[in-house]
Amino acid sequence: MTAQQDTRPPAAAKPVRWAADTVATMREGARVRLDYSAQSLWRVDRMIEEISREGPPYAAVESVLRGFGAYAGEVIVRQTGAEWWATGGDHWVRTPDGKLWDPIDEARRVYGGHGSLRLLCRDATGSR
């Protein structure tokens, strides 16, 4: 464990694990490397859109979407020094400017055809 992981708040435990599991699953199963960069979110958005086009029921992909959202949240955390917040089973990212972001819900929106993890990250990190 790195020093950064040792000092993370307890709210980070689940989303960090979901993100790591997603990275491992994509590497092992789909031969896709995710490197926690903002650029990798282009690929994640496309993967979610492809899953959506195949038309599986939401219940069948819910945990996959949660993992992709957690991955996007970790991209934001690593780029901005943000931290994970949790309440009532929901997880958000709080950026240093005090704004709350919901990357897990945004992954669901991408699946529904109305969102973008790439754009969420751009907005949360202030990149243009």
Side-chain angles (χ1 to χ4, degrees):
M1 233 185 225
T2 66
Q4 178 186 9
Q5 290 170 325
D6 288 341
T7 61
R8 287 191 138 184
K14 285 183 180 181
V16 168
R17 169 55 44 207
W18 296 331
D21 288 348
T22 297
V23 169
T25 299
M26 291 297 101
R27 182 181 61 242
E28 307 280 325
R31 302 283 185 237
V32 172
R33 296 194 66 83
L34 298 176
D35 61 3
Y36 292 98
S37 68
Q39 295 80 12
S40 69
L41 295 175
W42 284 88
R43 180 174 285 156
V44 172
D45 276 343
R46 285 193 310 264
M47 286 188 286
I48 295 172
E49 290 163 1
E50 288 173 17
I51 292 168
S52 179
R53 277 194 295 275
E54 292 172 7
Y58 177 77
V61 297
E62 184 174 11
S63 67
V64 172
L65 297 174
R66 181 186 67 200
F68 282 137
Y71 172 78
E74 269 300 288
V75 170
I76 295 167
V77 165
R78 292 176 183 207
Q79 288 196 1
T80 67
E83 62 183 359
W84 283 99
W85 284 60
T87 184
D90 293 326
H91 293 81
W92 301 279
V93 171
R94 183 173 184 246
T95 49
D97 62 6
K99 293 181 182 176
L100 289 173
W101 305 88
D102 192 345
I104 295 172
D105 188 56
E106 191 67 15
R108 295 179 192 121
R109 291 174 45 76
V110 175
Y111 180 73
H114 307 290
S116 171
L117 293 171
R118 176 186 58 83
L119 294 177
L120 177 80
C121 180
R122 184 196 71 186
D123 291 347
T125 61
S127 302
R128 298 291 173 214

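Predicted model, so just to flag it, every value in this text is computed and none were measured.
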>> Looking at every heavy atom in both Ile104 and His91, which two are closest together, and how far apart are they?
In response: CD1-CB, 4.1 Å

> How far apart are the C-alpha atoms of Glu74 and Trp18, what are their side-chain angles, what is the distance that settles it, and do they pass the side-chain hydrogen bond (donor to acceptor under 3.5 Å, both in side chains) test?
Replying inline: CA-CA 10 Å; Glu74 269 300 288; Trp18 296 331; over 6 Å; no

>> Contact between Trp84 and Val93 at the side-chain level, heavy atoms closer than 4.5 Å - yes or no?
In response: yes

>> Check for me, please, whether Leu119 and Val44 land in the same ILVMFWY cluster - side-chain distances under 4.5 Å, paths through other members count.
In response: no

> Under 4.5 Å between side-chain heavy atoms, hopping through other hydrophobics if needed: is there a path connecting Tyr36 to Met47?
Replying inline: yes

Report, one line per pair, each donor and acceptor closer than 3.5 Å where one atom sits in a side chain of residues 52-62; sequence neighbours left out.
unit_1, atom_1, unit_2, atom_2, d
Ser52, OG, Tyr111, O, 2.7
Tyr58, OH, Arg108, NE, 3.0

>> Applying salt bridge (charged side-chain N to carboxylate O under 4.0 Å, His left out), can you list everything that pairs with Arg109, at least two apart in sequence or on another chain?
In response: Glu106

>> I'd like to check Trp42 versus Ser37 (side-chain heavy atoms, cut-off strictly below 4.5 Å). Are they in contact?
In response: no

>> Run the side-chain hydrogen bond (donor to acceptor under 3.5 Å, both in side chains) test against Arg17 and tell me which residues pass, sequence neighbours left out.
In response: Asp21

> CD1 of Ile76 to NZ of Lys99: how many Å apart, nearest 0.5 Å?
Replying inline: 12.0 Å

> Roughly how far, to the nearest 0.5 Å, is the CZ atom of Arg46 from the CG atom of Leu41?
Replying inline: 11.0 Å

>> Run the ring-ring contact (aromatic ring centres under 6.0 Å, His included) test against Trp92 and tell me which residues pass, sequence neighbours left out.
In response: none

> Can you tell me how far CG of Asp105 sits from CG of Leu120, rounded to the nearest 0.5 angstrom?
Replying inline: 10.0 Å

> Is the shortest heavy-atom distance from the side chain of Leu65 to the side chain of Ile51 under 4.5 Å?
Replying inline: no

> With sequence neighbours left out, what residues match Thr125 under side chain to side chain contact (heavy atoms under 4.5 Å, CB included)?
Replying inline: Gln79, Thr80, Cys121, Ser127

>> How close do Pro15 and Ala70 get, counting heavy atoms only, and between which atoms?
In response: O-CB, 3.4 Å

>> I need the Thr87 OG1 to Leu100 CG distance, nearest 0.5 Å.
In response: 11.0 Å

> How about Leu117 and Tyr71: do any of their side-chain heavy atoms sit closer than 4.5 Å?
Replying inline: no

> Ile48 and Ala107: which non-hydrogen atoms are nearest, and at how many Å?
Replying inline: CG2-O, 4.0 Å

> Can you find a pair of side-chain heavy atoms, one from Met26 and one from Arg43, that are under 4.5 Å apart?
Replying inline: no

>> Minimum heavy-atom separation for Asp45 and Arg118, please, with both atom names.
In response: OD2-N, 3.2 Å

>> For a quick test of reading the model, state the closest non-hydrogen atom pair linking Ala72 to Pro103 and the distance between them.
In response: CB-CB, 4.2 Å

> Taking only residues two or more places apart in sequence, or in another chain, which ones meet Ala24 in a side chain to side chain contact (heavy atoms under 4.5 Å, CB included)?
Replying inline: Arg27

